[in-house]
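Some notes on the structure that comes next.
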Amino acid sequence: MESNDMIIVFYGELGTKGRNIMDFIHLLGKNIQFALKDFRQLKIEVHKDHTYILLNGTPYADVADKLTKIPGIASFALARNVERTIDSIGAEASRLYQEEGKKTFKIETKRADKEFPIHSDVVSRQVGAYVLRHNPDSKVDVHHPELLIEVYIRLEGAFVYASKEKGMGGYPLGIAGKTLTLLSGGIDSPVAAYLMMKRGVKVEAIHFAAPPYTSEAVITKIHDLLHVLNGIQPDIKLYVVPFTDLERKIYEVAGPSYCVTVMRRMMIRIAEGIAYRHNDLCLSGGESIGQVASQTLYSLKVIEEVSTLPFFRPLATYDKTEIIDLAKKIGTYDISIRPYEDCCTIFQLKDPVTHPSHDVVAELESKFDYKTMVHDCIKNTKAEHITLEESEEF
Ligand code: ATP
Ligand code: MG
C-alpha cells in the first residue's frame, strides 16, 4: 500500500438534482464519514464532483466493503495520486496494465484543472505511448479495450485508476424523509425495506406480534434482520404492536376467507396511527402483485382503501426468484427462512378470498368496535432502537 493510494467516490444520479445538489453531496459526505468513522487513518475530502478518501495505510478492501452499503454512491475506484508529468502518469498506467494482466488497453483523460497545459487527448496519447514502450506485448484498442485506464488531472495531482466497483446507487439515506415499513419476518419485507433505504428513505419498522400464537423467536428474527439492515442504516426504530386480541377478534368476525383482508386493513390503520405520530411520510411493505391471495390487485384495492398515506411496495413487480436473489445478496435470506409461525399458519387460513368485496368487508368491520381496539394497539405498542452496537430499550 502506497501512501498516495486513495479512493475516488462517484455520485451518479445526484447530478440530476439541480439546485439541491449540494444538500445531496453534504448528506452523502456525512453518511460516508459516519460509516468510516472507525478507520482513524483515513482523510476524507467531500467535493462537488467526487469524494476522495486518502487511505493512509488502511486496507482498501475494508473501506470498499463499507462503501458498497452506502446509498447514493454509484461507484468507486482505487486510485493513486501521482505527479502531473507524462512520465509519472505513464509509469502508474504501466504498473496498472501489468497488474491487471490484460492485452488491450485505452487511456482516457479528464482535466478538472483546465489550466493544465497539455490537452486531455494529448495526455491520453502520450501516456498510451509510454505504456506501449514499456510493455512490448501491449496493444491499444480505442473501441473495445480489455482495460480502461483513467487519468483525472486536478490541481493537487493526477489520479490514475483502472477499475471501478459498483456501489449501491440510489440517493443518500435521509434525503427523502422516513417510511414506516411493515416487517413480517418473511423473505420479502426486509428486501422492501432495503429498497426504500436505497432510494434515500430512512426506515422505521413495525411488526405485529400475536403471542402466544407467534413465538418469541419471531421477535429475535426481526431483531436479527434489522441488525443486517443496520449495515446500511445504523439506527432503526422498531415498533412492536401487541396484536393478539385484535387478531383473535378479526378471526372470530371474519372467518377464514376474509380474515387476511380485514387483518391487513387493521394493520394499515394501526401503522398510520403510529406513522402520523412519528413523522413517517409513507408506509411500505413487501407485497408482490399476485404472489398470494391478499396480494391480487383486487385484494390490494380493498386493503388500501383505509390508508391515507402513500403505501409503497417496491417489490410489486418482482418475481419471487428475483426477491430471493436480492435477499441473498443483502444477507437477510438465511435469517428469513428460519422456521417460524406467523398469524396465518396458526389460524389455518384455508381459503383466503382473492376478490374481496368492499361491501362484505365493511359489513364485517361494522360488527365490532375495531376503533377502540386499534387505538389500544397503538397505545400499547413498544418502541426500541435497533443499532449496530446493541439493541436498547427505548
Ligand atoms: P414476507 O415474506 O415479508 O412475510 P409474504 O410474502 O409472506 O411477505 P404476506 O404475509 O402476505 O406476504 O405479507 C405481505 C406484507 O405484509 C409483508 O411483506 C409485510 O410487509 C406485511 N406483513 C405481513 N405480516 C406482518 C406482520 N406480522 N408484521 C408486520 N408486517 C407484516
Ligand atoms: Mg409473511
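Keep in mind that what you see is a predicted model, and the values were worked out from it rather than measured. Note that these values count all heavy atoms, side chains included, but never hydrogens, waters or copies made by symmetry. For ligands, and for the atoms within them, numbers begin at 1 and follow the listed sequence.
Residue Thr214 does not touch ligand 1, judged by heavy-atom distances below 4.0 Å. Here Ser189 has heavy atoms under 4.0 Å from ligand 1 in both its backbone and its side chain. The residue Val260 has no part lying near ligand 1, judged by heavy-atom distances below 4.0 Å.
The atoms of ligand 1 that sit less than 4.0 Å from any heavy atom of Gly285 are 20 (O). For ligand 1, the atoms sitting less than 4.0 Å from at least one non-hydrogen atom of Ser294 are 11 (O), numbered in the order shown with element in parentheses. Listed by atom number, the atoms of ligand 1 under 4.0 Å from Asp188 heavy atoms are 1 (P), 2 (O), 3 (O), 5 (P), 6 (O), 8 (O). Atoms of ligand 1 lying under 4.0 Å from at least one heavy atom of Ile206, given by number and element, are 29 (C).
Annotation: cation-pi geometry not satisfied between Lys301 and Tyr298 (NZ/CZ under 6.0 angstrom from ring centroid, within 45° of ring axis).
The aromatic rings of Phe10 and His50 sit perpendicular to each other, their planes meeting at more than 60°, with 30° as the lower class boundary.
Classification of Asp113 and Arg154 as a salt-bridged pair fails, no side-chain N sitting under 4.0 Å from a carboxylate O. Residues Arg313 and Glu287 are paired through a salt bridge, judged by an N-O separation under 4.0 Å between the basic side chain and the carboxylate. Salt bridge annotation for Glu384-Lys382: absent, with no cationic side-chain nitrogen under 4.0 angstrom from a carboxylate oxygen.
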**Request:** Please lay out, stage by stage, how Tyr11 and Phe24 fare under the test ring-ring contact (aromatic ring centres under 6.0 Å, His included).
**Result:** CA-CA 10 Å; Tyr11 304 146; Phe24 276 66; over 10 Å; no
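Across Val191, Thr181, Ile187, heavy-atom proximity to atom 2 (O) of ligand 1 is greatest for Ile187. Nearest-heavy-atom check against atom 10 (O) of ligand 1 across Arg313, Glu287, Arg264, Lys320 picks out Arg264.
Of the N or O atoms in Val292, none lie within a sub-3.5 Å distance of an N or O in ligand 1.
You'll find the ring centres of His134 and Tyr97 outside the 6.0 Å limit.
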